Amino acid sequence: AVLILKAVLEYPQKYGKKLGEVVKKWSQWVYDEAKKEIGKFYPEEVIPIQRALSDDGGEKCIPVGYIWARTIRCPNPSCQAEIPLMRQFWLARKEDRKIALKMIIDKEKRRIDFKIVQGKDIDFDPSKGTVKKAKVICPVCNSGVSDKELRKLFQEGKASQRMIVVILHNPNGRKIYKIATEDDMRKFKEAEKYLKEKKKKLFEEWGIDPVPDEPMPPKETLGFRVQRYGMLKWGDLLNPRQKLALITFAEKVKSAYEKMIKEEYDKDFAKAVVSYLGLGVDMMVAFSNTLARWENTSEAIKQLYSRQALPMVWDYVEVNPFSGSSGSWEAEWKYYLKVLDHCSQISSISNADLQIPKVSQASATELPYIDNYFDAVITDPPYYDNVPYSYLSDFFYVWLKRTIGDLHHDLFATPLTPKSEEIVAYSHGKGGFEEGKRFFEEMITKAFLEIYRVLKPEGIACIVFAYKTTEAWETIITSLLKSGLVLTASWPIHTEMKGRLRAQESAALASSIYMICRKRSKEEIVYFNEIKDKIEQRVKEKLEQFWEQGVSGADFFVSAIGPAVEVFGQYSRVEKLSGEEVSVKELLEYVRKVVSEFALERVLKRANLGGVDTQTRFYLLWRWTFG
């Protein structure tokens, strides 16, 4: 995270347009050097017309990628066919272009081959694969393999893989698909052989395994499923040719820095340039692994983090790093050059007083700044137990450590990202849910107290939060109130892409709540009954606005929390008539009631809800929430 912020907020403003030009030059150098060495393992092909689904016979085509299927042997002793594990068989699924893989099953030889079919020749349902939810059906004998048996086969090393399709790109821009041949596998085997030599050479030079051998998170870590299938180290996510490509690019990035220093570049400038090259390798790794998917609707390679988790992928696509298409080296640095061009605009402003932003690494619970220092603090804290941030970032960290770790000793000092003080609930729940919750609340309160300390008396804190559960909101608001920060305004802002996989499969939040806070200026106690009407009025006032703007469902409920806390948080203590303190949980239950009634009144277009029973209310709100 620190490195990314340096690359966005510090280096472009410090070095301006010149930085982009030099990054481009050295990106090209890395590409040329890598291609000289390993380009032969990704040969171009001349495709005769009868072997390709294309009108352009005899064209020279560049391989974009290779579709692989993991395989297992059928457990039926009288069959023993090699079963390709494929979730579906579509290659292209567009309005005007339908191409699929068709299994050719030879029951006598107990063998499964493939051919490519299109249009009217697709006389089967390509959406149905050989594996679903880790359960397998053998296409030859119809024997079944349970999810437990499948996992056991992988853990015992009895699973293999098979190259099925080569995806090619021809000059007219359309993708061509061909069934992989023995020659394609021979090139792969040559790369596998060369990998052994390359690994040995780099191990001697670097003193560590060039292919990341650091352990993956413990089994059953939130969102991680691949360990169940015997993938226990970060390097296990790569096939041999992917390993070769990535360690070669990593080596060339390290060499680029050495060459720049020999050519008498300023050391800090060279460090900045090579930091982008290191991030380029990281971006390539996201596409170059055995969890990357072929997306048939766009005919493009999709990187493994389509969601904030690492689920198992049965059939994957291997990128050609020299193709110029998605996932290739060229595609990555062109992406970074656009960002650099944009971010370096500010340095061209003629202003002698322009200060370069300074990005530093510190803990949110111990900020290295004096009291009353900042005009504003903006933070997007971790979302409770929702995302395994540090474990997910280890995927990138292990490669950055190898490419530019020597240049950023302070950022890559530990074997993996530090976790013991990470403010999340999931990795501290050894004592169960309550222990994880207690740790999160304690640490987030410390962080909010630090914000309070470093903020000027008239300063503003902006805290961003997006979470659906009442427990998480209860924790974050309790911590906020304990720190002495008062919510003065809050806004739901759409921050998530509608097309992201997470949004398509659930009622995930599209909005984040931006909470604007100031230091509490007075200590005052109030009875809940005295402010209930004020809370309801404020909540409804904002809900009118959100309703008009089309905010709905989970976002609508969450958006109401801020306005309620604006009133509630003005007081150092809110009490019941008995003198007992009103908890944040009770406040949220009251807010939920107000919001439910507001939404139901709008849905039913009437103010009297007297005749609507609890189940009907739930049903109506459910229908409204899910559209």
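Computed from a predicted model, the values in this text were never measured in an experiment.
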*So, is the end of the Arg402 side chain (NZ or CZ) under 6.0 Å from the ring centre of Phe412 and within 45° of the ring's axis?*
no
_Phe269 six-ring face occupied by Lys18 cation (under 6.0 Å, within 45°)_ = yes
With distance as the sole criterion, is a donor-acceptor pair present between the side chains of [X] and [Y] under 3.5 Å?
X: Gln161; Y: Tyr316; answer: yes
X: Asp394; Y: Thr417; answer: yes
X: His169; Y: Ser323; answer: no
X: Thr414; Y: Tyr397; answer: yes

*salt bridge (charged side-chain N to carboxylate O under 4.0 Å, His left out) partners of Lys187, counting only residues at least two apart*: Glu190
*By salt bridge (charged side-chain N to carboxylate O under 4.0 Å, His left out) - contacts of Lys219 (at least two apart)*: none
*Can you establish whether the number of heavy atoms outside Glu264 located under 6.0 Å from its atom CD is more than 12?*
no
*Please indicate whether Leu5 has more than 12 foreign heavy atoms, meaning atoms of other residues, nucleotides or ligands, lying under 6.0 Å from its CG.*
yes
With a 4.5 Å limit on heavy-atom distance, are the side chains of [X] and [Y] in contact?
X: Met216; Y: Tyr391; value: no
X: Ile463; Y: Cys517; value: yes
X: Asn372; Y: Val454; value: no
X: Tyr373; Y: Leu455; value: no
X: Leu195; Y: Ile247; value: yes
X: Arg151; Y: Tyr229; value: yes
X: Pro12; Y: His342; value: no
X: Phe448; Y: Ile476; value: yes

*Step by step, would you call Val64 with Ile301 a side-chain contact (heavy atoms from CB on, under 4.5 Å)?*
CA-CA 9 Å; Val64 170; Ile301 296 164; 4.1 Å; yes
Tell me whether [X] contacts the main-chain N or O of [Y] through its side chain, where contact means a donor paired with an acceptor under 3.5 Å.
X: Thr290; Y: Leu237; result: yes
X: Asp184; Y: Ala180; result: no
X: Glu332; Y: Met284; result: no
X: Glu318; Y: Tyr66; result: no
X: Asn320; Y: Pro63; result: yes
X: Lys6; Y: Val359; result: yes
X: Glu422; Y: Pro418; result: no
X: Asp209; Y: Phe203; result: no
X: Gln242; Y: Asn289; result: yes
X: Arg241; Y: Phe41; result: yes

Could you grab the distance from atom [atom1] of [X] to atom [atom2] of [Y], nearest 0.5 Å is fine?
X: Leu340; Y: Tyr276; atom1: CG; atom2: OH; value: 4.5 Å
X: Leu400; Y: Leu407; atom1: CG; atom2: CG; value: 11.0 Å
X: Asp236; Y: Lys233; atom1: CG; atom2: NZ; value: 7.0 Å
X: Tyr11; Y: Ser275; atom1: OH; atom2: OG; value: 4.0 Å
X: Ile167; Y: Ser325; atom1: CD1; atom2: OG; value: 9.5 Å
X: Arg162; Y: Asp315; atom1: CZ; atom2: CG; value: 13.0 Å

Indicate, with yes or no, if the rings of [X] and [Y] have centres closer together than 6.0 Å.
X: Trp234; Y: Phe396; result: no
X: Phe322; Y: Trp329; result: no
X: Tyr42; Y: Phe188; result: no

*Under the salt bridge (Lys or Arg N to Asp or Glu O under 4.0 Å) rule, what do Lys24 and Glu21 come out as? Steps first, then yes or no, please.*
CA-CA 5 Å; Lys24 185 178 180 180; Glu21 292 159 17; over 6 Å; no
Mind listing the closest non-hydrogen atom pair of [X] and [Y] along with its distance?
X: Pro357; Y: Leu9; result: CG-O, 3.0 Å
X: Leu246; Y: Ser288; result: CD1-O, 3.7 Å
X: Ser360; Y: Tyr369; result: OG-OH, 3.5 Å

_Trace of the side-chain contact (heavy atoms from CB on, under 4.5 Å) decision for Ile444 with Phe439_ = CA-CA 8 Å; Ile444 205 86; Phe439 176 86; over 6 Å; no
*On the 0 to 90° scale, with breaks at 30° and 60°, tag the Tyr305-Phe395 ring pair as parallel, tilted or perpendicular.*
perpendicular
*May I ask you to decide if the ring planes of Tyr265 and Trp26 are parallel, tilted or perpendicular, using 30° and 60° as cut-offs?*
perpendicular
*Given Tyr177 and Glu299, is the side-chain hydrogen bond (donor to acceptor under 3.5 Å, both in side chains) satisfied, shown in steps?*
CA-CA 11 Å; Tyr177 302 93; Glu299 293 188 81; 2.5 Å; yes
_side chain to side chain donor-acceptor pair (under 3.5 Å): pairs with one or both residues in residues 246-261, sequence neighbours excluded_ = Glu37-Lys252, Lys198-Glu251, Lys201-Glu251, Lys254-Asp406, Lys259-Glu263
*asked:* Evaluate Met260 against Val274 for side-chain contact (heavy atoms from CB on, under 4.5 Å), listing each step before the verdict.
replied: CA-CA 9 Å; Met260 288 176 82; Val274 175; 3.9 Å; yes
*Does the distance from a Lys or Arg side-chain N to an Asp or Glu carboxylate O, for Lys178 and Glu45, drop under 4.0 Å?*
yes
*Evaluate the salt bridge (Lys or Arg N to Asp or Glu O under 4.0 Å) criterion for residues Glu295 and Lys302: first the C-alpha distance (whole Å), next the side-chain angles of each, then the deciding distance (0.1 Å), finally the verdict.*
CA-CA 7 Å; Glu295 188 178 74; Lys302 294 295 171 183; 3.8 Å; yes
*Check against salt bridge (Lys or Arg N to Asp or Glu O under 4.0 Å), Asp341 and Lys17*: CA-CA 7 Å; Asp341 180 61; Lys17 295 280 184 189; 2.7 Å; yes
_Using side-chain contact (heavy atoms from CB on, under 4.5 Å), reason through Met515 and Val464 one step at a time and then give a plain yes or no._
CA-CA 6 Å; Met515 299 182 282; Val464 184; over 6 Å; no
*Determine, stepwise, if the pair Asp371 / Arg453 fulfils salt bridge (Lys or Arg N to Asp or Glu O under 4.0 Å).*
CA-CA 5 Å; Asp371 295 359; Arg453 182 183 66 77; 2.8 Å; yes
